[in-house]
Amino acid sequence: APSLTYPAVKVANLSQVKTGQPITFNYPDASSPAILVKLGRPAIGGVGRERDIVAFSALCTHMGCPVQYEGGRFLCRCHYSMFDPAKAGQTYQGLASSWLPQIPLRVDGKGDIYAVAVAGLIWGRVKNV
Ligand code: FES
């Protein structure tokens, strides 16, 4: 089977990440906006001491509008799709039928957080990298 090779990209340090204050970055390349957020509750794939830091593509899987982190979930204002960041980006309201692609994270011994892959297909692409 073909395998995708993802870069490891530093996003932030654990010391910089505050609950409910999203950090934007691009991954796996400059044209793919993404959001890292500390939820304040454990999440599937969450890193950090409380397993609550996760990252996702910021492009809605419906038609590619930007999603915002608001009220504990990702919201797309174009047609009001909502995605649960604690449940691997599961869509639970609106027109999007695919989950929001999660970006798996790794933390090194210095507390640096790296994006290391994409789970799912980023909107508008036939492949992620
Ligand atoms: Fe996000 Fe339609 S583009 S709900």
Side-chain angles (χ1 to χ4, degrees):
S3 64
L4 301 175
T5 303
Y6 288 100
V9 173
K10 183 182 169 184
V11 179
N13 187 274
L14 286 176
S15 63
Q16 302 171 298
V17 181
K18 309 295 180 212
T19 302
Q21 295 180 22
I23 294 171
T24 57
F25 63 106
N26 293 300
Y27 190 85
D29 54 52
S31 60
S32 177
I35 302 173
L36 177 145
V37 66
K38 177 174 168 61
L39 302 177
R41 63 187 193 282
I44 294 171
V47 301
R49 191 160 45 87
E50 292 152 52
R51 302 286 164 207
D52 64 344
I53 299 169
V54 289
F56 288 87
S57 169
L59 298 181
C60 178
T61 57
H62 178 227
M63 292 179 69
C65 286
V67 298
Q68 278 110 39
Y69 180 74
E70 193 182 296
R73 79 302 203 226
F74 286 104
L75 165 67
C76 176
R77 293 195 182 285
C78 285
H79 315 99
Y80 282 88
S81 285
M82 297 182 193
F83 305 89
D84 189 337
K87 294 182 179 168
Q90 181 177 23
T91 177
Y92 66 94
Q93 182 165 311
L95 295 174
S97 54
S98 298
W99 295 20
L100 199 60
Q102 187 161 9
I103 298 174
L105 302 171
R106 296 285 178 272
V107 182
D108 72 10
K110 293 180 293 189
D112 288 333
I113 307 168
Y114 289 83
V116 296
V118 181
L121 190 61
I122 296 166
W123 183 84
R125 298 188 176 207
V126 295
K127 56 188 178 63
N128 288 336
V129 292

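Counting starts at 1 for both ligands and their atoms, following the listed order. The shown structure was predicted, so the numbers you read here are calculated from the model rather than taken from an experiment. These values consider heavy atoms only, across backbone and side chains, with no hydrogens, waters or symmetry-generated copies.
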Revision key, fill the gap. Restricting His62 to its N/O/S atoms, the closest one to atom 2 (Fe) of ligand 1 is ND1
Review point. Given the rule in the side-chain contact (heavy atoms from CB on, under 4.5 Å) test, do Val67 and Leu75 qualify, once you have shown the distances and angles that lead to the verdict?
Key: CA-CA 5 Å; Val67 298; Leu75 165 67; over 6 Å; no
**Study point:** Proximal heteroatom of His79 relative to atom 2 (Fe) of ligand 1 (N/O/S)
**Key:** ND1
Point to revise | Residues Asp112, Arg106: salt bridge by 4.0 Å N-O rule | key: no
Check your understanding: Below 2.5 Å, is that where the SG pair of Cys78 and Cys65 sits?
Key -> yes
**Study point:** Electrostatic pair Arg41-Glu50, nearest N-O below 4.0 angstrom
**Key:** no
Check your understanding: To the nearest 0.1 Å, how far is atom 3 (S) of ligand 1 from its closest protein heavy atom, and which atom is that?
Key -> Met63 N, 3.2 Å
Review point. What is the SG(Cys76)-atom 1 (Fe) of ligand 1-SG(Cys60) angle, to the nearest 10 degrees?
Key: 110°
Check your understanding: Nearest protein heavy-atom contact for atom 4 (S) of ligand 1: which residue, which atom, what distance?
Key -> Ser81 OG, 3.2 Å
Check your understanding: Have Arg125 and Ser57 got a donor and an acceptor in their side chains that come within less than 3.5 Å?
Key -> no
